[in-house]
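Chain naming here is simple, since letters A, B, ... match the order of the sequence lines and numbering starts at 1 in each.
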Amino acid sequence: MDEQPRLMHSHTGVGMAGHPGLPQHMQEGTGGTDGDGRKQDIGDILQQIMTITDQSLDEAQARKHALNCHRMKPALFNVLCEIKEKTVLSIRGAQEEEPPDPQLMRLDNMLLAEGVSGPEKGGGSAAAAAAAAASGGAGADNSAEHSDYRAKLSQIRQIYHTELEKYEQACNEFTTHVMNLLREQSRTRPISPKEIERMVSIIHRKFSSIQMQLKQSTCEAVMILRSRFLDARRKRRNFNKQATEILNEYFYSHLSNPYPSEEAKEELAKKCAITVAQVSNWFGNKRIRYKKNIGKFQEEANMYAARTAVNAANASSHGSQANSPSTPNSAGETGN
DNA sequence: GGGCATGATTCTTG
DNA sequence: CAAGAATCATGCCC
């Protein structure tokens, strides 16, 4: 292949023979009569080159075929392949056999844990169960949100799988294409099976880096989804009217000491269908907000006081005699 | 969309 | 450690 440039070099070199500016070694040693012999050689070579360019395509093909069929060709290619193998190995032998990428393993583990890359179904419910556990077990009304969560997760899962499939298909197509190409070329230039193998592994590495990007963005999507559903603050729901009334009733009827005991909290929690912690939160918030702005809550206080008075009156009329019904305008200061 | 209400969280305090 | 206080983030109404 690289015969021609060298020929051209020697051509120009010899052509300049005898030139005053020519380096010494070019002029020495060739001898007087040899000069004519070299000119003769060059002439032959030039002639050969000219005949090659003059050859028709058919002739060239025929020669190529002849070369391909030459009995020495396989042996020659084997040797060339061996040489190539050695040089290639010495160049990049060090970077072969890299260990599994820890980041990729992390991503894989996470996708598996989130039920995105694992077996069909079931995985998502694990995450949903985690969401349920994190939400404090308020129960009842958050099942709708979990189905929403599951739906979104399965959407992500679907996108992930179709993309992954697409990548795999593209990778396979490209690999077979390159392999065919190399096999085809191996008839005209020395390519060992090992080299093809190496090329395939390079392709796979490139595609797996693309896959890693896909995995990374999928993980990000899952994390965002998770944080949206697991962050309790984001899914704050106002208590229903009945629960608020029960809590307010207790609060205003114990205004002088609005600190329910553990048992009272449990009772209220049961009545309101909320957790004890929520009851505690509610009373904490209520106390501080009431204290900060009593005027604002006065109307509410009067209303609940009146209501408890009516309740007490009803109870007393049903029973024998009331002991001491609280006065409506004293904001229900029953005292504890 | 702005503003207030409200449940939850976090930090401080006694 | 529980209550208070501050703050956050969402819900809801106008």
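- Regarding A/R289, its CZ atom lies at a distance of 11 Å from the C1' atom of C/dC8, rounded to whole Å.
- A/E299 places its CD atom 13 Å from the P atom of B/dA5, with the value rounded to the nearest Å.
- Ion pairing of A/R198 with A/E195 is absent here, as no side-chain N (NZ or NE/NH1/NH2) approaches a carboxylate O to less than 4.0 Å.
- Each salt bridge (Lys or Arg N to Asp or Glu O under 4.0 Å) pair with one or both residues in residues 261-274 of chain A, not counting sequence neighbours, appears once here: A/E262-A/K265.
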How far apart are the C-alpha atoms of A/F207 and A/E168, what are their side-chain angles, what is the distance that settles it, and do they pass the side chain to side chain contact (heavy atoms under 4.5 Å, CB included) test?
CA-CA 8 Å; A/F207 270 89; A/E168 250 155 40; over 6 Å; no
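- As a whole-Å value, the separation of A/I274 CD1 from B/dT6 P is 14 Å.
- Computed from coordinates, the A/N281 CG to C/dA6 P distance equals 17 Å when rounded to whole Å.
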Can A/K194 and A/E197 be said to form a salt bridge (charged side-chain N to carboxylate O under 4.0 Å, His left out), step by step?
CA-CA 5 Å; A/K194 239 185 188 169; A/E197 216 173 274; over 6 Å; no
Please enumerate all protein N or O atoms sitting under 3.5 Å from an N or O of nucleotides 2-4 of chain C, with distances to 0.1 Å.
unit_1: C/dG4; atom_1: OP1; unit_2: A/Y259; atom_2: OH; d: 2.3
unit_1: C/dG4; atom_1: OP2; unit_2: A/R287; atom_2: NE; d: 2.6
unit_1: C/dG4; atom_1: OP2; unit_2: A/R287; atom_2: NH2; d: 3.3

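- Atom C1' of nucleotide C/dA5 and atom NZ of A/K286 are separated by 17 Å, given to the nearest angstrom.
- A sub-4.0 Å separation between OP1 or OP2 of C/dA6 and a side-chain N or O of A/K292 is present.
- For the pair A/N238 CG and B/dC4 P, the interatomic distance rounds to 17 Å; values are reported in whole Å.
- Judged by atom type and distance alone, A/N285 reaches the base of B/dA8 through a side-chain donor-acceptor pair under 3.5 Å.
- Between A/K241 atom NZ and B/dA5 atom P there is a gap of 17 Å when expressed in whole angstrom units.
- Going from atom CH2 of A/W282 over to atom P of B/dT9 covers 18 Å, rounded to whole Å.
- The phosphate of C/dG11 (OP1 or OP2) has a side-chain N or O of A/R237 nearer than 4.0 angstrom.
- An OP1 or OP2 oxygen of B/dG7 is reached within less than 4.0 angstrom by no side-chain nitrogen or oxygen of A/Q278.
- Scanning for salt bridge (Lys or Arg N to Asp or Glu O under 4.0 Å) contacts around A/E245 gives A/R307, with sequence neighbours left out.
- Annotation: A/M199, atom CE; neighbour count of heavy atoms from other residues, nucleotides and ligands within 6.0 Å does not exceed 12.
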Step by step, work out the side chain to side chain contact (heavy atoms under 4.5 Å, CB included) result for A/Y259 and A/F283.
CA-CA 8 Å; A/Y259 299 88; A/F283 274 89; over 6 Å; no
